[in-house]
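One structure below.
When a residue number appears, it is its place in the shown sequence, counting from 1. Owing to the predicted nature of the structure, the values given are computational and were not obtained by experimental measurement.
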Amino acid sequence: MRPAFLVVVPNASNIGTLNLGLISNGSCGTLGTRDLRARGNHLLNQFLRAAALGVAFAAGPIAVLAHGLLDLGAIFTGLVLVVPVLLLASVASWREIRVDLCDILVAAFAGCIVISCLLNGVSDRKELALLAVVLAQYAAGRLAPVRDARSGLLSLGVGVVVIGIAVTIVALVEQWSDNHGKPYVFGEFDAAPTQFAVLLGVVVIAAVSSDRLPRWTFVGVGLLSVVAVAVFSASMVRFSLLALVVSAGAGALFCKGRARRRGLVLVALLIVAIGAGAGARWGAAAVFGRHLLTATGMARIAPDASMLLPVAKECPPVDVDNSLAIRKQLLADAVRLLPQAGPFGVGAGGFALRSCVRGHSVHNSFIQAVIEFGWFAGALLVAVIVTTWHALIPLARVLPDYRFAACLMLFVVLISMVHGRTSHDFILLLVLGLAAHLRATRESAASQWMLRGFMPLPSKRAATSSGPSGS
């Protein structure tokens, strides 16, 4: 008679319940092969998810680098945006997905966009296609575990940031005394340093919010971040670095012990790096200071300033070289257009057609959603953020994934309030999807954390003392 083995298997559907089974000796080899195969598939899927999420977060910088270094165009950019979504859908565990309140809110938000387009028409098919890809990013995040996003960012994301620093330094040196202030990377992308800085912010948050990141990995990411922040600050990147410091500081405060101390030290070094970078190009920084004074009415506009002539009687002249003055006018236009938006807005791209600064969006995703897609759409977008945030915060102090998602949401919401554009909010919807995934699984995550607290793993010393010699 062949011996049998008693196997204790945790029941995945109900944590705390154990299934008992008997496996005869003759079937061990078969099950071992199956286990190895399942383990291999799991690792492969984990790698593919991490790579796809890394590309999704770095899509903008990758597109800039591909265009500037390899002369790749719009087709490659489209592939970078779409392929990660398809890949994540192909390796997702669809049986584990359950409809959540956030899914309903996002579906209603998408419905408002469709209704707005049907009522107002579509002036730009490209913008409509980008909107569809933006909404697909939510699905991509919803299907993927947050830990895979952290892995992708700390590998692929770091590599993209390194290349971004290099190409920004080249442009910065060549255009050090340029009146424009912001260097044109590859001679045409003045927004590239800001895109690199946003990706850097996501990477820093991934590192700071983790209390299990190896020491030397954290040191490497920290040194890279300090250098990068100094370079991007010298490139006159402003609000993105401020949002980075605030969000990384929140991530450090959520941690405890050594993780909190090292996170706060890194945040302090980043603040010093921001000052050093701005001080290195004091002339360009002083120009932005004067722009702030003129935009707030504390100083007169220079007589030789390039002024944008009014396009309508309610439009004042605007200094086209003063980005702060442009933003001030865009916000004034938004206040003027908000009452006219109605339940379903003025249509995609409608703000740029009605603004005093033609061709510019309001640079605020939430205001733009209200104006272009209606009051309902704006309320639904805010509701998704509030709902996910309310679910993340209680567990952010004890679970790294929830901490990472909460700080990441803080970061992207801040960015969306100053640099946002609904047809380019890929990271915002991706982060909302990741947060919704955590919200849908929060009860299981909390149960597992509580079980770990009640049944701690034995220490090496305890294991040694309870060995054969101690019996």
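- With rounding to the nearest 0.5 Å, the separation of CZ in Phe189 from CZ in Phe196 is 9.5 Å.
- Checking side-chain atoms of Ser225 against main-chain N and O of Val204 turns up no donor-acceptor pair under 3.5 Å.
- Residues satisfying the side chain to side chain donor-acceptor pair (under 3.5 Å) test with Arg49, not counting sequence neighbours, are Asp148.
- Counting heavy atoms from C-beta on, the side chains of Ser323 and Arg238 come closer than 4.5 Å.
- Heavy atoms of other residues, nucleotides or ligands lying less than 6.0 angstrom from CZ of Phe366 number more than 12.
- Between the side chains of Asp103 and Tyr138, at least one donor N or O sits under 3.5 Å from an acceptor N or O.
- Side chain to side chain, Gln329 and His360 fail the donor-acceptor criterion of an N or O pair below 3.5 Å.
- The two atoms that bring Val203 and Gly157 nearest to each other are CG2-C, 4.1 Å, heavy atoms only.
- Taking each heavy atom of Ala89 and Leu143 in turn, the nearest pair found is CA-CD1, 3.8 Å.
- In this structure the side chain of Asp401 reaches within 4.5 angstrom of the side chain of Arg150, judged on heavy atoms.
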Could you walk me through whether Leu69 and Phe186 pass the side chain to side chain contact (heavy atoms under 4.5 Å, CB included) check? CA-CA 8 Å; Leu69 296 175; Phe186 301 122; 3.6 Å; yes
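- In terms of heavy atoms, Asp333 sits closest to Val357 at OD2-N, 4.1 Å.
- Crowding of Ile75 atom CD1: a count of heavy atoms from other residues, nucleotides or ligands under 6.0 Å not exceeding 12.
- In this structure, Ser116 contributes its side chain and Phe344 its backbone to a donor-acceptor pair below 3.5 Å.
- When all heavy atoms of Gly251 and Val208 are compared, the pair lying nearest together is C-CG1, 3.9 Å.
- Checked by atom type and distance alone, the side chain of Ser355 never pairs as donor or acceptor with a backbone atom of Phe351 at under 3.5 Å.
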What verdict does the salt bridge (Lys or Arg N to Asp or Glu O under 4.0 Å) test give for Glu372 and Arg421, after you've listed the backbone C-alpha separation in whole Å, the side-chain angles of each residue and the deciding distance to 0.1 Å? CA-CA 11 Å; Glu372 297 190 352; Arg421 184 176 176 181; over 6 Å; no
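- Residues in residues 56-77 take part in no salt bridge (Lys or Arg N to Asp or Glu O under 4.0 Å) pair, two or more places apart or across chains.
- Between the side chain of Arg397 and the main chain of Phe254, no donor-acceptor pair closer than 3.5 Å is present.
- Across all non-hydrogen atoms, the minimal contact from Val85 to Ala140 is CG2-CB, 4.1 Å.
- Checking side-chain atoms of Thr217 against main-chain N and O of Leu213 turns up no donor-acceptor pair under 3.5 Å.
- Ser90 places a side-chain N or O within donor-acceptor distance of the main-chain N or O of Leu87, the cut-off being under 3.5 Å.
- At a threshold of 4.0 Å, the pair Arg439-Asp100 counts as salt-bridged, since one of the basic side-chain nitrogens sits closer than that to a carboxylate oxygen.
- Of the options Ile163, Thr77, Leu156, a side-chain contact (heavy atoms from CB on, under 4.5 Å) to Ile62 is made by Leu156 and by none of the others.
- At most 12 heavy atoms of other shown residues, nucleotides or ligands fall within 6.0 angstrom of atom CZ in Phe47.
- Smallest separation of non-hydrogen atoms from Tyr184 and Ala171: O-CB, 3.6 Å.
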